[in-house]
2 protein chains.
Amino acid sequence: MGHTKEHEKKLTITDVAKALGVSKTTVSRAISGKGRIGSETKERVLEYIQEHNYKPNVLAKGLAQLKTFNIGILLPEDYTVVDLPFFQTCLIGVQETAVSMDYDVLLTMGKENDCTQLARMVENHKVDGVILMRTFTKDPHIEYLKSQGIPFLTVGSTYYQGVVQVDNDHQSACRELISILLLKGMKRIGLIGGIESHVVTQSRLQGYVDACKMAGVPIDKSIIHVNVEKDMMIELGVEKLLENGVDCIVCLDDAVCIHVLNKLRKESISVPKEMKVASFYDSSILENNLPSITSLYFDARELGNVACKTLLEIIEGNQVKMRTLLGYEVILKESTK
Amino acid sequence: MGHTKEHEKKLTITDVAKALGVSKTTVSRAISGKGRIGSETKERVLEYIQEHNYKPNVLAKGLAQLKTFNIGILLPEDYTVVDLPFFQTCLIGVQETAVSMDYDVLLTMGKENDCTQLARMVENHKVDGVILMRTFTKDPHIEYLKSQGIPFLTVGSTYYQGVVQVDNDHQSACRELISILLLKGMKRIGLIGGIESHVVTQSRLQGYVDACKMAGVPIDKSIIHVNVEKDMMIELGVEKLLENGVDCIVCLDDAVCIHVLNKLRKESISVPKEMKVASFYDSSILENNLPSITSLYFDARELGNVACKTLLEIIEGNQVKMRTLLGYEVILKESTK
DNA sequence: CTGAAAGCGCTTACAG
DNA sequence: CTGAAAGCGCTTACAG
């Protein structure tokens, strides 16, 4: 058995107009607030629709205005990444401001080089604009959206010209974190995690370099390990870092950090006594770790809020800043004491 | 600056009809496959729209058929839960089958007792049906959707009458896990985690009880700790379990399990030598734990697939099973050796 | 097999 | 201040 109860048949603008003895035009104006209308008439209409719980059909409204009142959001599909709370939280942020502006969020997944889902959504006229939740140095999604001329922006930075972007200031964040660690007396700070083709990784590496330069510390590529996706590679990376005599390991995300911590535990290396550790994102995954882990904090929810608000501005034809950089916090905990 | 490039103006059915010297009716029929149409004409139309990359406007189609080709999905909003990979994976499952049937997924968040977002989406006519990703013993969302008569189903079981539901067989799963542990010689198996008002927790508790009964083991409520959401409460729960002399701790989800493992580590209790541990969900959070953790595995992606397929059946007016139960696997690892 | 026409529920010049 | 009418891009009886 499927569902049995019938949809109550929904009121339309015509019903309302008839009931009130006015024209559909008038009802429409009362609701939208556009166009001249007598305040008394307006009152009557609003009261009536209130009472009878009339809700305009957004589809029809959209058709008349050639809009959908939906925004699309492209979430990474690869498993390692989907687990990161960052995306969920950012998504919540997008969603909550979308709803507050009476838009809805349409979800799409996509791998680095697969535009099919995104293209389908755009070509089916299902969205007024798109938010890309992640950027690559070479990014087919960006290229596609540019070619379509549909409003969009990226969460995360990109080198593409003319693309609106909203991001945390990862470069400064990483620079500050590393500077602090250097000040605290660490000499050789190893880096592990991140994927080279992600712009965010580039920004962080730059921040690392900046901090080293400022402190007059030479850069040693043998203690920087990116593209260590699989667990085995992380373990290997840690081994190399140990061989190369680092006194601190900075992890580019919390998932990597968990593995690093496991590995150190396996090797019976105690944190922070024998090795300092810090991570990006102050996520719940690491929340209760012993020792607590020094990390950078980015407000993913606010990032989502800002991204969504900016996209809606673009959709409505307003000018927006090409690049919005949001802040960060360095949270010092036991793991670097 | 916002975006500059204009939308290329899109082809409409009228353009196609004109270009081919046929009526809109004919074009529509060629595309939908409904109604009689000469196979040659059909060819011509399909070829043309192929070549000129014409895509029908789903909005207009929807308006004419009073459909949206969207389904809504209600995700839990509370932070602790959003982190669980289960929901993401299930969401991916829903999304991928939705897309394969040319539907899109509209995202909504909601807390246990807050229907506003869901109601907004439904009343705005934005979806043809809804999937609830979690169920409560007393569930306002279910009550709301029933009252609206809109097609919906729940992922997870519910006691409400006449509600279509898709779920893994948590009761059997838990029964089997516990039975196996008892067979392996454990005497006092503690339970920790889960929220009492979730139906899934009830099912698992029932499975636990079943297994104990079958084995003739008495039930001791002092070693069952539900509603331990905050970290502190988990620690306390573990302490109580220790006091009460359990030889095995079964965690109702992996997030709780992480905290339990941390606590045991803090207390220098070694797993599995001094304490056995098992968990629900074989998620990546615990993937690399040492020792590896015995757990139940549910195929969340398939669950999403099935849920979505079932909802679409309902939407299209077909009969469906009221309750679909999917399987599980017990994965034995080091933590219970 | 094909088409003219009405309709889905809105918006918006245009006229009054 | 208000309304009749055309239009958004489709679908679908109905007629031929």
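Chain letters run A, B, ... following the sequence lines, proteins first and then strands; every chain starts at 1. Values below: all heavy atoms of this structure, side chains included; hydrogens, waters and symmetry mates excluded.
- Residue A:Leu66 has its side chain nearest to D:dC8 when only D:dC8, C:dA4, D:dT12 are considered.
- Here the shortest heavy-atom pairing between B:Leu106 and A:Asp104 reads CD2-CB, 3.0 Å.
- B:Gln117 contributes a side-chain N or O that, together with a main-chain N or O of B:Met109, makes up a donor-acceptor pair within less than 3.5 Å.
- Counting non-hydrogen atoms under 4.0 angstrom, B:Thr41 reaches the backbone sugars and phosphates but no base.
- Nearer the 5' end of DNA chain D, as judged by each residue's closest nucleotide, is the contact made by B:Leu63, out of B:Thr25 and B:Leu63.
- Each of C:dT11, C:dG9, C:dG3 was ranked by its minimum atom distance to the side chain of B:Arg29; first place goes to C:dG3.
- In terms of phosphate contacts, B:Gln65 brings no side-chain nitrogen or oxygen within less than 4.0 Å of OP1 or OP2 of D:dC10.
- The minimum heavy-atom distance between B:Thr26 and B:Ile37, with the atom names listed, is O-CD1, 3.6 Å.
- A donor-acceptor distance shorter than 3.5 angstrom exists from the side chain of B:Asn57 to the backbone of B:Leu59, with no hydrogens or angles considered.
- Atom C1' of nucleotide C:dG7 and atom NZ of B:Lys61 are separated by 18 Å, given to the nearest angstrom.
- Rounded to a whole Å, the OH atom of A:Tyr54 is 3 Å from the P atom of C:dC10.
- A:Val22 comes within 4.0 angstrom of the backbone, heavy atoms only, and of no base.
- Using a 4.0 Å heavy-atom cutoff across all strands shown, B:Ser28 reaches at least one base atom of the nucleic acid.
- Separating the CD1 atom of A:Ile13 from the C1' atom of C:dG7 is a distance of 16 Å, rounded to the nearest angstrom.
- In this structure, A:Lys24 places its NZ atom 11 Å from C1' of D:dG7, rounding to the nearest Å.
- B:Asn57 places its CG atom 14 Å from the C1' atom of D:dG7, with the value rounded to the nearest Å.
- Side-chain atoms of A:Ser23 lie closest to D:dA4 of the nucleotides D:dC10, C:dA4, D:dA4.
- In a base pair of the Watson-Crick type (N1 to N3 plus N6-O4 or O6-N4) or a G-U wobble (N1-O2 and O6-N3), with each distance short of 3.5 Å, C:dG16 is matched with D:dC1.
- Because its NZ or CZ atom is both nearer than 6.0 Å to the ring centre of A:Phe69 and within 45° of the ring axis, A:Lys61 counts as a cation-pi partner of that residue.
- Computed from coordinates, the A:Leu20 CG to D:dT2 C1' distance equals 14 Å when rounded to whole Å.
- A straight line from CG of A:Leu59 to P of D:dT11 spans 13 Å, rounded to a whole angstrom.
- Each of B:His125 and B:Lys42 lies near DNA chain C, and the nucleotide nearest B:Lys42 is the one positioned closer to the 5' end.
- Atom CD1 in B:Ile37 sits about 9 Å away from atom P in C:dG3, given to the nearest Å.
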